[in-house]
Amino acid sequence: MAALCRDCGALGDGDGRWCGRCGSDRQFRHAELADLHIAHIDCDAFYASVEKRDDPSLADKPVIVGHPGGRGVVTTACYVARRYGPRSAMPMFKALELCPHAVVIPPNMAKYKRVSEQIHALLLKATPLIEPVSLDEAYLDLSPGARLVDRPAATLLARLARAIEERVGITVSVGLSYNKFLAKMASDRDKPRGFAAIGRTEARALLAPLPVRAIHGIGAATARRMAEEGIETVAQLQELPEAALVARYGKFGRALARLVRGDDPRKVTPDRPAKSVSVETTFARDVRSPEALCEALRPLCERVATRLERGDLGGGTVVLKLKTADFRTLTRSHRLAAPTARADILYRVGLALLRTEADGRAFRLLGIGVADLVPAALADPPDLFA
Amino acid sequence: MKLTIERAALLKSLAHVQSVVERRNTIPILSNVKLEGRSGALSLNATDMDLDIIETVSAEVSQPGATTAPAHTLYDIVRKLPDGSQIELEQTGDDGQLTLRSGRSKFTLACLPVEDFPVMSGGELPNVFTLSAAELRALIDRTRFAISTEETRYYLNGIYVHTARNMGVDVLRAVATDGHRLARFEVPLPEGAEGMPGVIVPRKTVGELRKLIDETAVEVTVSLSESKIRFAFDEAVLTSKLIDGTFPDYERVIPADNDKNLEVDCRTFAQAVDRVSAISTEKSRAIKLSIEKGALVLSASSPENGSAVEEIEAVYSSTPLEIGFNSRYLLDILAQVEGDAVRFTMSDAASPTVVREVADGSAVYVLMPMRV
């Protein structure tokens with residue numbers, strides 16, 4: 001069976017415990033290793049790892065990155081902290097109940113962005129086909145036609161993981177497979193500092209016992225609907241013919257039929273353009289007053305307009321987002337007759353959406369943005385009455 | 001209430017009234033149609049509180065009475081009954097149910113009390129005049145495509161109907177605009193319309209009205225006040241609230257000083273626009289007109305699709321001009337031109353262009369150019 005040395009990247013087929021070349025015992029074995037080319041690289045507890053790198057005294061302390069104080073949420077919890085229960089997106093007060101001795105560090109996005117760019121630069125040496133998902137994860141296409149170095153994908157990945165550790169100072173987990181969906185699933189299987197692969201022969205069986213939520217595109221609502229129909233696991237979906245899935249779930253049924261078999265036709269597309277532009281703010285205290293909410297909306301619209309201008313974009317749909325004091329998220333959208341990039345139009349439309357929701361309920365978060373992006377040249381067509 | 005009616009007659013009326021009824025209603029009674037049987041006739045009434053329609057059809061009423069039943073369900077049933085069938089509607093006592101029998105089918109529908117059905121107060125409608133169906137149809141067709149769908153500019157979500165004076169003649173004028181194009185059409189002022197207030201007729205009302213015109217008689221009686229308008233047909237009466245807003249001063253955006261005249265054959269031009277726009281992107285629909293003496297070149301290009309060019313004959317004698325338009329807006333206007341020739345009066349690539357029929361001055365269109 002093909003064996004990869006995770007330290008030196010050597011690919012052989014020995015079944016010894018140690019690498020024949022460098023003697024390391026970090027050997028990864030997988031029958032299809034030489035035939036898998038799509039990778040997902042995920043930085044381990046990224047923001048927290050960067051903070052630990054910059055302050056070695058934090059190394060074995062529980063570190064939580066997030067805005068301190070009662071209102072913030074956990075952005076990242078390091079692996080030490082996770083042992084006590086804190087997870088990302090958890091309200092900070094709750095995380096601190098679980099882990100009172102955690103060191104809380106406010107996020108420094110500019111710094112994380114720099115580190116992310118540094119990692120991106122290293123990845124670029126292996127392939128130009130990199131699709132960043134966020135600052136801390138990316139898909140790579142390392143197929144023979146795409147990679148810049150003529151080495152097996154597994155070797156390149158082992159070298160990349162090592163280079164990132166040595167030069168950037170943080171660890172990553174690598175998932176290798178034959179498509180994005182499975183590559184991402186693989187990177188999650190051996191965290192942190194992991195390496196995992198999912199091959200063609202095992203995909204279906206690996207997916208079978210998982211809850212339906214593991215499938216890309218099945219969110220809470222669909223999962224609930226499936227549960228009502230008695231469908232809990234991927235195996236149950238695998239047993240249904242495509243026609244049955246289409247009958248039940250419409251167009252998504254077709255994609256679903258492929259996904260449950262482990263097929264994902266999505267390509268790794270570098271620099272995928274943004275689909276929406278939005279900004280939001282969490283209030284220091286819950287806001288009930290409609291006037292105060294309207295007041296808070298205006299600067300957000302200005303910020304969206306600034307970002308649209310920078311991106312040379314306009315948006316065809318205005319989306320308002322609200323989160324109630326009990327963490328329920330509401331979004332309301334309005335399709336514009338003509339796309340816009342102007343703050344005053346965003347505000348006028350946003351205000352109309354907000355007025356129907358601002359009914360005295362307490363809100364903790366307000367956001368506004370645009371979707372259906374178009375080139376700026378198509379936004380705000382000249383108006384006879386403007 | 002008990003009556004017998006022909007399916008075709010009931011279907012036609014139900015088709016009109018059910019389309020006034022909104023699909024989603026928070027107030028249950030608004031999902032219902034009010035049915036009232038009187039001597040020899042059934043009247044059907046539906047409303048969404050802004051728009052109210054009453055239609056009367058002849059029926060054999062053996063027992064007068066009234067009730068309300070779910071409009072969409074009733075329509076659906078009648079639609080599916082075989083052509084030529086007779087329908088019996090019966091509501092007995094106070095069990096709150098309407099029974100529909102036809103052939104071997106029987107349906108029982110839940111009713112709501114007729115007393116709960118909202119009555120749209122007419123109020124006084126002091127201005128009364130009549131229009132021919134053809135005039136009313138033209139007032140709508142020549143303008144409705146330009147109605148704005150942008151709800152934040154609610155005062156543009158309808159057709160502005162008002163009186164005006166054009167070259168010494170009093171006219172009844174309809175104007176609609178979405179800010180990107182404007183359509184204006186007028187007919188001689190009908191007797192009785194003098195002194196009427198300018199009113200904005202909402203888009204939904206325009207749509208329902210248009211359906212009724214197609215199946216009607218020769219004349220429509222219009223009565224209105226500042227807040228309501230009523231259209232009375234032979235068998236149907238449509239009453240609507242008006243949009244409570246101020247229509248912008250549209251006269252000032254119709255350019256008077258444009259000096260570059262382009263004349264083209266309407267059909268030839270429309271077909272060329274339609275062909276060339278196949279290339280322009282779904283989002284922009286932009287088409288470029290390059291105009292020189294005697295010739296007009298239409299072109300479009302998109303990074304995804306490629307490019308298209310077509311040349312047509314044109315009458316033009318000013319300095320060459322390149323100007324871009326939304327192809328859909330052009331086609332909307334060209335579809336309303338009845339004569340052969342259409343004239344574009346332009347200033348430059350950034351200023352509003354005026355479009356008219358060469359042979360008929362009753363319609364004026366203004367089109368904002370696009371950047372191309």
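These values consider heavy atoms only, across backbone and side chains, with no hydrogens, waters or symmetry-generated copies. In the text below, chain A, chain B and the rest are named by the order of the sequence lines, each starting its count at 1.
- Other residues, nucleotides and ligands contribute at most 12 non-hydrogen atoms within 6.0 Å of the CZ atom of A/Arg298.
- Taking the side chain to side chain donor-acceptor pair (under 3.5 Å) definition, one finds that B/Arg165 meets it with B/Asp170, sequence neighbours left out.
- Within the 4.5 angstrom heavy-atom criterion, only side-chain atoms of B/Arg252, from C-beta onward, approach chain A.
- Around atom CZ of B/Arg371, more than 12 heavy atoms belonging to other residues, nucleotides or ligands sit under 6.0 Å away.
- For A/Lys323, the side chain to side chain contact (heavy atoms under 4.5 Å, CB included) partners two or more places apart in sequence, or in a different chain, are A/Phe327, A/Thr329, A/Arg364, A/Leu365.
- Sparse packing is recorded around CD of B/Glu226, with 12 or fewer heavy atoms of other residues, nucleotides or ligands lying under 6.0 Å away.
- Annotation: A/His216, atom NE2; neighbour count of heavy atoms from other residues, nucleotides and ligands within 6.0 Å does not exceed 12.
- Proximity to chain A among residues 255-262 of chain B is not found for any residue, judged by heavy-atom separations below 4.5 angstrom.
- Applying a 4.5 Å heavy-atom cutoff, the residues of residues 375-382 of chain A that approach chain B are A/Ala377, A/Leu378, A/Ala379, A/Asp380, A/Pro381, A/Pro382.
- Atom NZ of B/Lys211 has more than 12 neighbouring heavy atoms from other residues, nucleotides or ligands inside a 6.0 Å radius.
- Only one option out of B/Leu182, B/Asp178, B/Asp249 pairs with A/Phe385 in a side chain to side chain contact (heavy atoms under 4.5 Å, CB included); it is B/Leu182.
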* Could you walk me through whether A/Leu336 and B/Glu150 pass the side chain to side chain contact (heavy atoms under 4.5 Å, CB included) test, one step at a time? => CA-CA 6 Å; A/Leu336 297 166; B/Glu150 184 55 67; 3.6 Å; yes
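- B/Thr152 contributes atom OG1, which lies 5.5 Å from atom NE2 of A/His334 (distance to the nearest 0.5 angstrom).
- Expressed to the nearest 0.5 Å, how far OG1 of B/Thr177 lies from CG of A/Asp383 amounts to 7.5 Å.
- A/Arg348 is listed as a side-chain neighbour of B/Arg153, based on a closest heavy-atom distance under 4.5 Å.
- Atom CD of A/Glu242 sits in a crowded spot, with more than 12 heavy atoms from other residues, nucleotides or ligands closer than 6.0 Å.
- Within 6.0 Å of CZ in B/Arg275 there are more than 12 heavy atoms belonging to other residues, nucleotides or ligands.
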